[in-house]
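Step one of this worksheet: look at the structure below.
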Amino acid sequence: MYAQMVKTASSGVKSREEMSEQERVFQDKIDADIKIEPRDWMPDDYRATLVRQIGQHAHSEVVGQLPEGNWITRAPTLERKAILLAKVQDEAGHGLYLYSAAETLGVSRDQLIEDLLAGRMKYSSIFNYPTLNWADMGAVGWLVDGAAIINQVALQRTSYGPYSRAMVRICKEESFHARQGYHIMMKMAAGSVAQKQMAQDALNRLWFPVLMMFGPSDKDSVHTAQSMAWKIKMDTNDELRQKFVDQTVQQIEYLGLELPEPGIKWNDETGEYDYSDPDWSEFFNVIKGNGPGNVDRMKARRAAWDDGEWVRDGLMAHARKKAAAKVAAE
Amino acid sequence: MNNEWPLWEIFIRGQHGLSHRHVGSLHAPDAEMAIKNARDVYTRRNEGVSIWVVEAKHIAATAPGDKGPLYEPSESKVYRHPTFFDIPDEVGSM
Amino acid sequence: MANKTEISADQAALFQFLLRMGDNTLVLGHRVSEWCGHAPVLEEDIALANTALDLIGQTQLWLGLAGEVEGQGRDADALAFLRDIWDFRNVLMLELPNGDFGQTIMRQFLYDAWSSVMLGRLIKSGDPRIAEIAEKVSKEVAYHVERSADTVVGLGDGTSESHARMQAALDYLYPYVGEMFLSDATDAAMVSAGLGPDPASLRDEYDLLVGKVLDKATLTLPDGSYTHKGGRTGAMHTEHLGHLLTSMQWLQRAYPNSQW
């Protein structure tokens with residue numbers, strides 16, 4: 001997901017007997033679905049895990065501007081250009097909302113950005129894949145945002161108030177994203193032979209990377225229990241992945257495209273679709289920095305940050321001068 | 001010197017006469033730019049809205065410990081909530 | 001087109017005028033959109049995208065009307081994506097590469113200031129279609145010029161580095177400003193038909209507005225009165241426009257007659 005493999009800061013889930021009085025009150029609130037707010041007492045590990053998770057989520061939104069931003073100047077019509085630009089702009093907005101949520105935990109946005117650029121924080125593996133043809137703009141909106149929505153809808157119920165409120169706002173905007181993506185896919189799938197090839201290529205190429213967004217299989221996923229007890233992770237990786245496959249197969253069929261891999265088959269016994277596992281060694285490599293786009297993505301973010309420093313400093317210096325002049329005049 | 005732009009809390013009153021409502025936060029070097037950024041970030045520049053910006057550090061808030069005494073009295077006054085009163089459908093909307 | 005019909009001389013001038021308006025917003029909107037995902041801070045990224053979105057919307061209006069006036073079945077997309085460089089009528093300043101953020105914002109301000117003065121006149125155009133577009137667009141541009149002016153002031157009067165960069169941007173761009181005020185036969189036809197102003201007549205109001213802002217920004221207008229020109233007449237564009245069109249038009253050119 002946008003927050004993948006977030007390491008939970010914890011030495012394991014404590015039983016009630018092992019908890020301090022404060023910890024018991026805290027856990028009781030969470031169990032009763034009462035939101036934790038910034039000034040409430042919270043365990044250090046809860047705070048640290050949230051900073052990691054919300055920060056990673058925010059970074060994903062901002063790095064996630066790049067693969068789609070790659071096509072803004074090549075959009076085929078004025079209307080498509082406007083829609084795509086508005087969509088990528090929304091991602092910047094989502095990043096902003098999420099950084100704000102993280103800031104309520106006592107970390108600054110600049111610090112989080114420095115941590116990203118120094119490689120101390122991660123972002124979602126999906127944004128290290130390239131966008132190679134126009135149908136990718138359809139497939140990213142439809143599949144990547146579609147996968148994100150499944151996770152984010154659940155996260156609206158997360159225990160931390162500011163994170164939950166950011167998710168509510170983001171979810172409202174995400175459905176526009178998925179719809180505009182699917183709309184592009186409908187045009188491409190019903191278009192010329194070349195357009196249909198682009199659509200199929202985008203689906204095939206992005207399928208497994210999108211499945212990887214949900215994180216490793218539950219059996220290999222550590223740290224889940226504590227995060228679930230704290231309600232900062234709402235469902236397991238495999239549950240969310242299955243939900244995504246089940247809803248997407250039908251949408252692929254409606255487009256009249258081939259299924260992206262032969263392992264996708266309806267299973268009468270489980271009442272769900274079977275599907276093939278992604279190549280998890282590829283996933284771990286992308287996370288480590290060896291994906292096709294890691295270097296370029298970080299280079300672009302670092303350039304934006306470094307080249308922008310004089311702008312941020314300049315406007316701040318002017319604001320200080322103005323404030324000083326106002327004080328002097330009073 | 002730390003040159004991170006200060007954090008501002010943004011309050012917006014929409015077109016329907018409701019009070020200003022907290023919509024989120026953003027960074028800006030000063031109040032004027034905070035208002036402009038709020039237009040761009042939180043209203044996508046709808047006209048006819050009113051924006052308040054307050055630097056986050058200037059907001060005074062209740063301490064979490066006050067939660068009980070401050071809110072419990074009003075929570076027992078359920079009659080303040082409109083749904084407390086069962087109004088027959090025939091009366092129409094109220 | 002199969003049934004090409006001659007359009008009258010006045011209509012031809014009107015068509016040219018509308019291309020000038022629409023190509024300005026098309027080319028500048030394209031340039032500004034290149035910043036998406038790369039701006040110095042998230043708030044600026046979002047604000048620049050809003051500006052670009054407004055400019056794309058304005059392009060749809062101006063080029064849409066241009067196609068209507070031409071009467072040969074070309075819509076805004078056909079005009080944007082299927083003309084070659086010699087048919088473009090934007091001023092040269094707008095097709096120049098973005099440069100650093102300072103150069104982008106300085107260009108935005110120098111254009112916004114012109115645009116706000118121009119639209120003020122076009123609201124009174126004898127052609128209600130032009131007046132209507134000007135009315136709608138001038139609200140957007142009023143905000144653009146306010147924002148770009150503030151940013152020019154903030155950076156000009158910021159640190160010594162930001163001041164130096166803004167002065168360099170102004171020195172580089174100012175020789176391109178004069179083109180926005182050149183008049184030719186097309187403009188004369190617009191004036192005599194009561195459809196639009198003589199560009200030269202906008203200069204005083206423009207200089208006043210720009211002068212005030214540059215003053216506050218502690219920046220000085222460069223010496224010299226040389227003016228680069230050729231964009232708005234189509235006589236000679238820069239090499240940069242060809243590369244811009246190569247990206248912008250690629251899908252439409254490579255896969256003609258497709259639905260997107």
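Note that the coordinates shown come from a computational prediction; the quantities given were computed from them, not determined experimentally. So that the names make sense, note that chain A is the first sequence line, chain B the second, and so on, each numbered from 1.
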C/D45 and A/Q89 side chains, donor-acceptor separation under 3.5 Å: no
Got a sec: does the [atom1] of [X] have more than 12 other heavy atoms crowding it under 6.0 Å?
X      : atom1 : answer
A/R179 : CZ    : no
A/E114 : CD    : yes
A/E79  : CD    : no

Under 4.5 Å from any heavy atom of chain A - which part of C/D157: both
Backbone of C/W260 reached by a side-chain donor or acceptor of A/R80 within 3.5 Å: yes
Is the backbone N or O of C/W250 less than 3.5 Å from a side-chain atom of A/R74, with the two atoms forming a donor-acceptor pair by type? no
Taking side chain as C-beta onward, heavy atoms only, is C/D100 less than 4.5 Å from A/D307? no
Hey, are the side chains of A/W305 and C/H38 touching, using non-hydrogen atoms and a 4.5 Å cut-off? no
Could you tell me which of A/I72, A/I184, A/L96 has the largest number of non-hydrogen atom pairs under 4.5 Å with chain C? A/L96
Minimal heavy-atom distance between A/A75 and C/F81, with the atoms involved, is O-CE2, 3.5 Å
Determine, stepwise, if the pair C/E43 / A/R109 fulfils salt bridge (Lys or Arg N to Asp or Glu O under 4.0 Å). CA-CA 12 Å; C/E43 285 81 359; A/R109 185 166 88 187; 2.7 Å; yes
Please work out whether the ring planes of A/W310 and C/F101 are parallel, tilted or perpendicular, with thresholds of 30° and 60°. perpendicular
Residue part contacting chain C, namely of A/Q195, when any heavy atom lies under 4.5 Å: side chain
